[in-house]
Amino acid sequence: MGSSTDCPVCGVAATLVCTRCKLVRYCDPEHQKQDWAQHKRRCKPFRVAEDEQLGRFLVATQNIAAKQIAFVEEPLVVGPKWYHSQDETIVPCVGCHTPCRLGKHQCRSCHWPVCSAACADEALECSVLSLGPTPGARADNRTLNDYFRGDALLVLRCLLLQRQNPAKWTALLEMQSHEEERQGTELHVEAEMRVVDFLQQRFLKRLKQTKPDLLADCGSELLHRICGIIETNYMVIELPSGVELSGLFRQACMMEHACQPNCYFQFDAFTQQITVRAGCDLQKGDHLRIAYTNILWGTQLRQHHLRLTKHFSCHCARCLDPTENGSYVSALACLGDVNLCCTGTHLPVDPLNEETQWKCDTCPMLVDAAYVSELQTHMTDQVESLLAGRPTAKEVELLLARLSQMLHPNHFHMFNLKHTLIQLYGNEPGLEMDTLSNGQLERKLRLCEELHDVCRRIDPHSIKLAIYVTVILIEIAHTLEEQSRRASPDTDVAGLLEQAHARLKEAEEVLEKEHDSVAGKKLNDKLQREIFECEKLNLTHKYSQKAVVE
């Protein structure tokens with residue numbers, strides 16, 4: 001929407017500006033009121049901008065307060081998640097996205113999975129899917145999962161827009177596909193096998209024979225272009241049921257990536273609308289940013305993921321800083337001669353270059369990227385293998401001790417291990433809170449504070465790390481409460497309990513962003529119980545103190 005100097009009601013040159021979007025002018029308040037019914041659908045506190053480096057992006061046209069809605073938008077397409085696992089047995093219903101078990105209920109016409117016999121697929125989509133063969137009645141889960149490919153269904157839904165909604169189809173084709181960059185890559189080859197060939201062989205060739213006029217174009221080149229559009233632009237949507245979907249949105253997909261985002265979004269499963277909110281106070285001229293990758297990863301891993309899946313490199317302030325805003329989540333311990341006992345930190349010379357050397361900040365030691373990559377891969381295998389099971393605190397401590405010889409204490413592998421450890425201390429059988437030594441309590445509290453500091457540095461407004469931060473704050477409160485129970489007579493027990501309560505209330509505010517997620521709802525129930533117990537403990541202490549005085 002471009003700005004105009006003429007009143008949209010009477011066409012006269014106007015000076016009264018819409019205070020929200022700053023893009024429309026009116027000659028007087030009366031005409032502004034008359035136009036509001038039409039304008040409110042388009043009135044947004046941002047504008048679309050474009051440059052060679054970023055492409056199209058969104059810029060705030062006014063100050064936007066934290067939690068304020070920037071815009072609400074309907075999707076172009078919503079469907080099963082793009083990166084499809086062949087081992088899944090619970091999939092979204094093709095009619096309503098309710099989770100359903102493969103092989104239990106099938107659409108009467110197309111035989112694709114539905115949540116119940118009464119739920120039906122969209123008519124045009126169903127008519128295309130009905131053209132394909134059906135798996136046998138005794139097909140196992142792997143056969144069923146290979147046939148009902150959610151990623152292919154997502155592409156088909158995009159393809160059918162040319163018939164169902166030409167305006168959305170036009171908007172879809174305006175999105176970047178990076179088709180030239182995708183040529184010859186693993187993603188392109190995988191799309192050919194998993195999606196393009198699947199749709200062509202099972203459905204689209206027959207569609208051209210039986211209904212040649214239904215779709216103007218359903219060729220392989222167009223399908224690959226759609227695959228590229230999805231890979232580049234899709235947004236992960238988590239439903240209250242826990243099912244993950246992929247969505248394409250005309251405006252939301254224009255928001256640029258940053259490894260320290262300033263916006264977040266929520267999805268309404270009933271209306272299928274996305275609501276984008278400011279994650280912190282935004283100033284006029286700020287770009288609206290979300291994160292396309294895991295912000296707990298180190299820079300090299302984030303950059304590799306973005307180049308592979310989104311076909312660009314991130315140049316945000318965090319990526320350009322070898323220390324990542326002082327968080328050191330990519331940093332290694334000095335990898336020099338162990339006999340020299342250097343206490344320095346190895347950091348990438350050029351964080352954006354995958355082939356960069358790594359230099360110690362204390363001694364002259366340089367190491368090659370290949371060595372660092374091999375080391376990181378080996379440590380990733382160790383950490384993922386341990387955390388995939390049900391590790392004990394002792395097992396986590398042992399791996400932490402081993403990795404600490406090579407990693408900075410804040411490295412993202414160390415972070416994940418420590419985040420697991422703070423939950424084991426106080427909850428693992430034999431390590432309940434009242435059985436921990438004072439030293440173990442102090443260690444738990446110290447680990448929590450270290451983790452909290454890392455989170456504040458890479459996500460100061462807890463936009464992406466709300467779950468992590470909430471868990472940390474709850475564990476801090478647990479520790480402070482236990483310390484208050486063990487306190488000596490000269491200890492400020494009231495102060496410890498006030499600190500614990502303050503941490504829990506901070507967690508309550510942080511978790512607001514995750515109330516719609518499954519993990520967020522579950523954690524909020526736990527948090528409310530923790531707040532109740534803390535307040536009860538606080539009251540008990542006050543009554544006991546009052547009784548002593550009397």
Side-chain angles (χ1 to χ4, degrees), residues 258-260 293-306 313-384 386 396-422 439 442-460 465 468 472:
C259 297
Q260 195 174 88
T293 189
N294 188 334
I295 69 170
L296 267 179
W297 289 343
T299 297
Q300 298 281 309
L301 188 53
R302 295 195 314 277
Q303 291 285 351
H304 177 76
H305 177 256
L306 290 171
S313 295
C314 179
H315 292 77
C316 71
R318 177 186 169 188
C319 286
L320 293 171
D321 177 6
T323 74
E324 299 184 56
N325 300 335
S327 67
Y328 290 90
V329 295
S330 295
L332 309 175
C334 180
L335 300 174
D337 189 338
V338 294
N339 296 317
L340 297 179
C341 299
C342 177
T343 58
T345 298
H346 257 103
L347 295 167
V349 176
D350 179 3
L352 303 187
N353 182 0
E354 286 186 287
E355 304 301 322
T356 187
Q357 288 187 309
W358 290 60
K359 186 180 186 305
C360 178
D361 62 2
T362 302
C363 76
M365 185 66 184
L366 276 170
V367 293
D368 292 332
Y371 176 75
V372 172
S373 178
E374 182 179 352
L375 187 67
Q376 299 261 36
T377 299
H378 178 65
M379 289 183 290
T380 297
D381 291 341
Q382 292 185 63
V383 173
E384 290 183 350
L386 179 67
V396 176
E397 289 279 25
L398 286 172
L399 186 53
L400 274 171
R402 288 203 301 271
L403 297 188
S404 67
Q405 304 301 310
M406 297 166 284
L407 301 179
H408 187 280
N410 290 354
H411 188 278
F412 63 92
H413 283 325
M414 301 288 277
F415 181 99
N416 285 328
L417 290 170
K418 290 177 180 180
H419 199 267
T420 300
L421 189 60
I422 64 171
E442 287 292 341
R443 173 161 167 71
K444 174 170 177 160
L445 187 59
R446 186 170 63 254
L447 289 174
C448 288
E449 295 292 358
E450 289 173 3
L451 294 174
H452 196 206
D453 179 65
V454 172
C455 291
R456 283 196 298 259
R457 290 178 183 277
I458 62 178
D459 188 16
L465 299 180
Y468 284 92
I472 293 167

* **CA sep, side-chain torsions, deciding dist, call: N325, I458, side chain to side chain contact (heavy atoms under 4.5 Å, CB included)** => CA-CA 7 Å; N325 300 335; I458 62 178; 5.6 Å; no

* Asked: After noting the C-alpha distance and the side-chain angles of L451 and F415, does the key distance pass the side chain to side chain contact (heavy atoms under 4.5 Å, CB included) rule?
  -> CA-CA 7 Å; L451 294 174; F415 181 99; 3.4 Å; yes

* Step-by-step side chain to side chain contact (heavy atoms under 4.5 Å, CB included) determination, T420 to L386 -> CA-CA 11 Å; T420 300; L386 179 67; over 6 Å; no

* To do: Would you check, one step at a time, whether the test side chain to side chain contact (heavy atoms under 4.5 Å, CB included) holds for R457 with V329?
  => CA-CA 10 Å; R457 290 178 183 277; V329 295; over 6 Å; no

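Between the CE atom of M379 and the CE atom of M414 there is a distance of 10.0 Å, given to the nearest 0.5 Å. Atoms CD and CD1, from E449 and I472 in turn, are 9.5 Å apart once rounded to the nearest 0.5 Å. Rounded to the nearest 0.5 Å, atoms CG (L447) and CG (L417) are 11.0 Å apart. T323 OG1 to D361 CG: the interatomic distance, rounded to the nearest 0.5 Å, is 10.0 Å. Note that SG of C259 is 10.0 Å distant from CG of N294, once rounded to the nearest 0.5 Å. Taken to the nearest 0.5 Å, the CG atom of L375 stands 9.5 Å off from the OG1 atom of T380.
With a 4.5 Å cut-off on side-chain heavy atoms, P351 and T299 count as touching. Under the 4.5 Å side-chain criterion, counting only non-hydrogen atoms from C-beta, P409 is not in contact with E450. In this structure, C342 and M365 have side chains that are not in contact, with every pair of non-hydrogen atoms separated by 4.5 Å or more. Residues T362 and T345 fail the side-chain proximity criterion, which asks for heavy atoms closer than 4.5 Å. Within the 4.5 Å cutoff, side-chain heavy atoms of Q376 are placed close to those of L332. Side-chain atoms of P460 and Q260, non-hydrogen and from C-beta on, do get closer than 4.5 Å to each other. For the pair T377/D381, a side-chain contact is recorded, criterion being any heavy-atom separation below 4.5 Å from C-beta on. Using a 4.5 Å cut-off on side-chain heavy atoms (C-beta onward), R302 and C314 make no contact.
Counting only distance, with no hydrogens or angles, the side chain of S404 and the backbone of A401 share a donor-acceptor pair below 3.5 Å. Panel note: side chain S327, backbone E324; a donor-acceptor pair is recorded below 3.5 Å. Side chain of K444 to main chain of I422: a donor-acceptor pair is present (N/O by atom type, distance under 3.5 Å, no hydrogens or angles).
Other residues, nucleotides and ligands contribute over 12 non-hydrogen atoms within 6.0 Å of the NE2 atom of H452. Applying the 6.0 Å contact sphere to OH of Y468 captures no more than 12 heavy atoms from other residues, nucleotides or ligands. For E374, the CD atom is loosely surrounded, since the number of other residues' heavy atoms within 6.0 Å does not exceed 12.
A pairwise comparison of heavy atoms in C319 and Q303 identifies SG-NE2, 3.3 Å as the closest pair. In terms of heavy-atom proximity, H305 sits nearest to T293 at ND1-OG1, 3.0 Å. The heavy-atom pair separating Q300 from W358 by the smallest distance is CG-CZ2, 4.0 Å. Of all non-hydrogen atoms in V383 and L399, the two that sit nearest each other are CA-CD2, 4.0 Å. Here the closest non-hydrogen pair linking P322 and L347 is O-CD2, 3.6 Å. Contact detail for F412 and L296: the closest heavy-atom pair is CB-O, 3.0 Å.
With sequence neighbours left out, H413 forms a ring-ring contact (aromatic ring centres under 6.0 Å, His included) with H411. Under the rule for a side-chain hydrogen bond (donor to acceptor under 3.5 Å, both in side chains), the partners of D368 that lie at least two apart in sequence or sit in another chain are Q357. Checked against side chain to side chain contact (heavy atoms under 4.5 Å, CB included), D459 has the following partners two or more places apart in sequence or in another chain: I295, I463, K464, L465.
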